[in-house]
Amino acid sequence: MSGQTVPVDYSGHMLDLDEDEDLEVFSKAPVADGNPMPNSPSSMVNQFRLEEDEPQDVNAKDLFITVDNPESHITAIETFIMYRVLTKTTRSEFDSSEYEVHRRYQDFLWLRSRLEETHPTLIVHPLPEKFVMKGMVERFNDDFIHTRRKALHRFLNKISEHPILSYNQHFKVFLTAEELTSHRKQGPGFLSRMGETVRAVANTVRGLKSRPEEFAAMQEYVDDFSNKICTVDKVTQRIIKEEREYLDELKQYGPMYGQWAESEGNLAEPLKAVASCVERCGKETEEHAHHLSEVLVPTLHEYILCAETLKAVMRRRDHIQAEFEAKNEALASRKSEQEALQEEVDGLSDRMEGSNEALKGDWFRWKAGMRTDLKSAFVSSAEKNVDYYEKCLAVWESFLLSQRAESSDQQDGEDVS
Amino acid sequence: MAEDGRDELLGTDGDSEPLVAGRSLRHKGVEQGCSLLRRMEICVAEAEKRSGRNTVNMQEIFTVYLIETRSMEAVSEGHNSAPDSLWRRYSEFELLRSYLIVTYPHVVVAPLPEKRAEFVWHKLSADNMDPDFVERRRVGLENFLVRVASHSVLSNDKILYHFLTEEHGWREVVYETGFQAKAESRLRALSATFRVRNTDKRFMDMKHYSDELQSHTSQLLRARARVADRLYGVFKVHGNYGRVFSEWSAIEKEMGDGLQSAGHHMDAYAASIDDILEEEEHYADQLKEYLSYAEALRAVCRKHELTQFELEMASQDLISKKQQREELATGIVRTFSFKGMTNKLFGQEAPEQREARLKLLEELIAEGEDTVKEKTVECQEHVERAWVDMQRFEEQKDKDLREALINYAVMQISMCKKGIQVWSNAKECFIKM
């Protein structure tokens, strides 16, 4: 792709760096197929940009993951669900072309936090929430597991589609290792090493001089988007609620026609037919509400979580900038240790540049994905609505037809007066 | 001014009407030999508000309805002459109907539209002055007039004719018929409980049916109102999509246009429910008519019970009087009587007294026999005539309600078509996102 070759001694150097956790920031790119080895943020971004130039088509997808088969595991201490993660790939950095492993929710959490630590300003797709606040009776009721499984599946697929994250070492380990617990015990991550507690982040971010124009715009967008998507979600939930209440009334209303038919003679047939029509429309309503819950709501929900992720990414970016600015100021005021400080400042400056570039690149990617996902969900919902009305239309039209047939039968039988 | 479909139907022999659904008024149950409707075209054209003083001299606002009539010759000859018209208020219609049900107890008399808005779903106004309610009432009043004017028996009534043609002094004429006394006794009889020995089974079945009809239509009306309420909620919530899509479109570049226009369609969708449900009120009105008809039907059945009861009472009375005569004549007391007791205790009465009593009894018996004859005729006539009218009613009911159900289906279809339109448009907008 780029024509850059990897010098042999460089790769040896890379293996040493493997041990050094300070540099976990930079993910190890696959060596074998001649891709450039990223050991600095800018070259990493170069790789990313190169991939952007190529149109991503379906044929290029070389990593297929499914999450299924939730199974309950009961131990002395706890009960949890294990999910089966199946991977099929043609990527050469994978030893095999197929993998089957079992993972629990905690494992996914681990993976995601590793990804975020490794790439603090990339947009890592969110995971489904730990637990639902309201209305949860059992942690592991069927609906909950079903929804969670789908979301976990989405999560892994989103990662697999990401040009940088999909090559992350932890991701590979997650997909391939039989036993994850040994890998998980790799010490606290870079973020905690940097002492980045929430308070610390907040404190340093307050010291932020000014956000570059594009990131200020990004922040504003993220806040607005978050509001809007939350509202859309609320409206959708409300529609589902209203539809279900409408359905409850229909279920009482329809049978009344049938009951009435019992005391009627000639009128019994059309009354029963209407009862049947109402019942069928009720079924369609039920299906419609179900579709909204299955398709639109999960997508909206996902993007509500994305908005939160974006906010966190922006905070981290701000923090990186603030750290640089703080050190830079210190450099200006300190007389001694100039050289050492200068090196630190340069390092932080590079880090900041790299993070900003990474975010910018991933931002466009995320926006495009968001547009695709939401568009698809809305189109599907609109289609379902059309489908719903078409089915109900057919129900009532067949009723009319049956009545016209009835009336013409009757007319044939009557004397013309 | 004339409703569509009216002209074709007037003056027909009541042949099969096209099974076209629609909410315009149809001349239901146009009968052969319906003299009044053959002679004139009737409609309730307008409604107006008036103010005046009521019976307790308080200022009130009420609605009056314009009744227009035109002779059939004028219509068929294409004369463009202005129709005769007069104004009537709802209470006058009520008076007319009271008169008719008392005067023709064997007829299932068409009901008036409801006095107050009932079975209202929450957004619909329960206010009698609401223009939509007044409009539906106007249609209902016209329906009432057409039904009675096309009834083979009722259409010949002078009071009805007077109602349609003479605005002033009509009330007095009605009261002069003395029907009010009959009305009061009728009301008492309807609510009284009495045991009848021999009733016509057909009438008892019909009475049972009228109870069923009443129960089912009222249940259905209540449930329909609840469904309407819920459906209203579903549609209106979509208006929120309109608002949020519009706001959201402002922060998006590529997605903006698609979102914005989709939002407009959501607003249109939310707004469409108002007309849909207003339309459905006409279906509800058709059900309400038959809810009220059930009461009229029941009254006819009760009248049978009453006449039968009176006959039985009269027969019973005659029998006991005849027995008394026999006892007096033969001196043998078979039944307990106060006179018998006093006779035993204080001795028999004088022969002259006995003669007087016997004579009185004979007179009473003669009267009683006349009464029994009368009551027998009354009972029989009622049974014969009422049975005919109930058959007519049943046929009319089957036809009307079937048509109402078809109307309902047509409304549902129309709603579905609108839904398909809106959501197809919305889909196109989403695709452009």
Side-chain angles (χ1 to χ4, degrees), chain A residues 220-221 224-225 227-229 231-232 234-236 238-239 242-243 245-250 252-253 256-257 259-260 262-267 270-271 273-274 277 281 367 371 374-375 378-379 381-383 385-386 388-390 392-393 395-397 399-400 403-404 406-408 411 414 416-417, chain B residues 13-16 19 21 32 208-209 212-213 216-217 219-220 223-224 226-227 229-231 233-234 236-238 240-241 243-245 247-248 250-252 254-255 258 262 394-395 397-398 401-402 405-406 408-410 412-413 415-420 422-424 426-431 433:
Chain A
E220 213 183 299
Y221 174 86
D224 287 336
F225 175 81
N227 274 333
K228 299 309 159 215
I229 202 76
T231 306
V232 175
K234 265 194 221 122
V235 173
T236 309
R238 181 72 192 278
I239 289 174
E242 294 286 337
E243 264 188 42
E245 286 177 354
Y246 167 66
L247 181 63
D248 285 341
E249 293 297 345
L250 274 187
Q252 302 210 349
Y253 172 64
M256 283 183 186
Y257 284 98
Q259 284 159 23
W260 182 2
E262 282 167 25
S263 58
E264 291 290 341
N266 285 332
L267 212 49
L271 283 171
V274 169
C277 287
C281 288
K367 280 217 77 179
R371 182 176 170 201
L374 288 178
K375 173 166 141 174
F378 285 132
V379 166
S381 298
E383 265 174 5
N385 269 295
V386 171
Y388 164 76
Y389 280 115
E390 279 176 349
C392 290
L393 179 69
V395 164
W396 289 106
E397 275 186 341
F399 169 77
L400 273 193
Q403 294 310 302
R404 294 214 164 109
E406 280 273 321
S407 85
S408 64
Q411 282 175 13
E414 276 171 6
V416 178
S417 35
Chain B
D13 297 320
D15 330 337
S16 51
L19 212 62
Q32 301 192 19
H208 179 72
Y209 171 75
E212 294 278 309
L213 183 64
H216 288 125
T217 46
Q219 272 187 324
L220 198 59
R224 189 211 71 91
R226 287 199 300 266
V227 169
D229 222 9
R230 289 282 159 223
L231 190 62
V234 173
K236 286 301 177 188
V237 177
H238 282 81
N240 291 315
Y241 269 155
R243 196 173 24 192
V244 69
F245 283 168
E247 290 168 9
W248 184 3
I251 63 170
E252 296 288 347
E254 303 101 346
M255 284 167 53
E394 195 162 357
E395 239 179 83
K397 170 211 39 132
D398 286 345
L401 286 175
R402 185 150 158 270
L405 293 174
I406 288 170
Y408 183 68
V410 169
Q412 299 303 307
I413 287 171
M415 181 173 83
C416 289
K417 284 190 175 152
K418 282 190 197 143
I420 290 170
V422 166
W423 285 103
S424 300
K427 178 182 159 187
E428 288 309 311
C429 296
F430 287 134
I431 286 175
M433 254 169 74

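First the proteins, then the strands, lettered A, B, ... as listed; each starts at 1.
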Considering all heavy atoms, the nearest [X]-[Y] contact:
{"X": "Tyr253(A)", "Y": "Ala223(B)", "result": "CD1-CB, 3.8 Å"}
{"X": "Arg238(A)", "Y": "Val237(B)", "result": "CG-CG1, 3.7 Å"}
{"X": "Leu405(B)", "Y": "Phe399(A)", "result": "O-CE2, 3.8 Å"}
{"X": "Ile251(B)", "Y": "Lys228(A)", "result": "CD1-CG, 4.5 Å"}
{"X": "Ala382(A)", "Y": "Phe430(B)", "result": "CB-CD1, 3.9 Å"}

Residues Glu264(A), Arg402(B): salt bridge by 4.0 Å N-O rule: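 Not counted as a salt bridge, because no side-chain N and carboxylate O are separated by less than 4.0 Å.
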
Under 3.5 Å: donor-acceptor pair, side chain of Lys375(A), backbone of Ile431(B):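 Answer holds: yes.
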
Under 4.5 Å, counting heavy-atom pairs only, tell me which of [options] racks up the most with chain B.
{"options": "Glu390(A), Met256(A), Arg371(A)", "value": "Arg371(A)"}
{"options": "Phe225(A), Tyr388(A), Tyr257(A)", "value": "Tyr257(A)"}
{"options": "Asp248(A), Val395(A), Thr236(A)", "value": "Thr236(A)"}
{"options": "Leu400(A), Leu250(A), Leu374(A), Val274(A)", "value": "Leu400(A)"}
{"options": "Ser381(A), Pro270(A), Cys277(A)", "value": "Pro270(A)"}

Within this structure, what is the [atom1]-[atom2] distance for the pair [X] and [Y], rounded to the nearest 0.5 Å?
{"X": "Leu271(A)", "Y": "His216(B)", "atom1": "CG", "atom2": "NE2", "result": "9.5 Å"}
{"X": "Asn240(B)", "Y": "Thr231(A)", "atom1": "CG", "atom2": "OG1", "result": "9.0 Å"}
{"X": "Leu393(A)", "Y": "Lys417(B)", "atom1": "CG", "atom2": "NZ", "result": "6.0 Å"}
{"X": "Asn227(A)", "Y": "Glu247(B)", "atom1": "CG", "atom2": "CD", "result": "9.0 Å"}
{"X": "Glu245(A)", "Y": "Arg226(B)", "atom1": "CD", "atom2": "CZ", "result": "13.0 Å"}
{"X": "Leu401(B)", "Y": "Asn266(A)", "atom1": "CG", "atom2": "CG", "result": "11.5 Å"}

Aromatic plane relationship, Phe378(A) with Trp248(B) - under 30° parallel, 30 to 60° tilted, over 60° perpendicular: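 Aromatic pair Trp248(B)/Phe378(A) classed perpendicular.
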
Most contacts with chain A, counted as non-hydrogen pairs under 4.5 angstrom, among Glu394(B), Glu395(B), Glu252(B): Glu252(B)

Trace of the side-chain contact (heavy atoms from CB on, under 4.5 Å) decision for Val410(B) with Trp396(A): CA-CA 8 Å; Val410(B) 169; Trp396(A) 289 106; over 6 Å; no

Lys367(A), part contacting chain B, at a heavy-atom distance under 4.5 Å: side chain

Residue Tyr241(B) versus chain A: region with a heavy atom under 4.5 Å: both

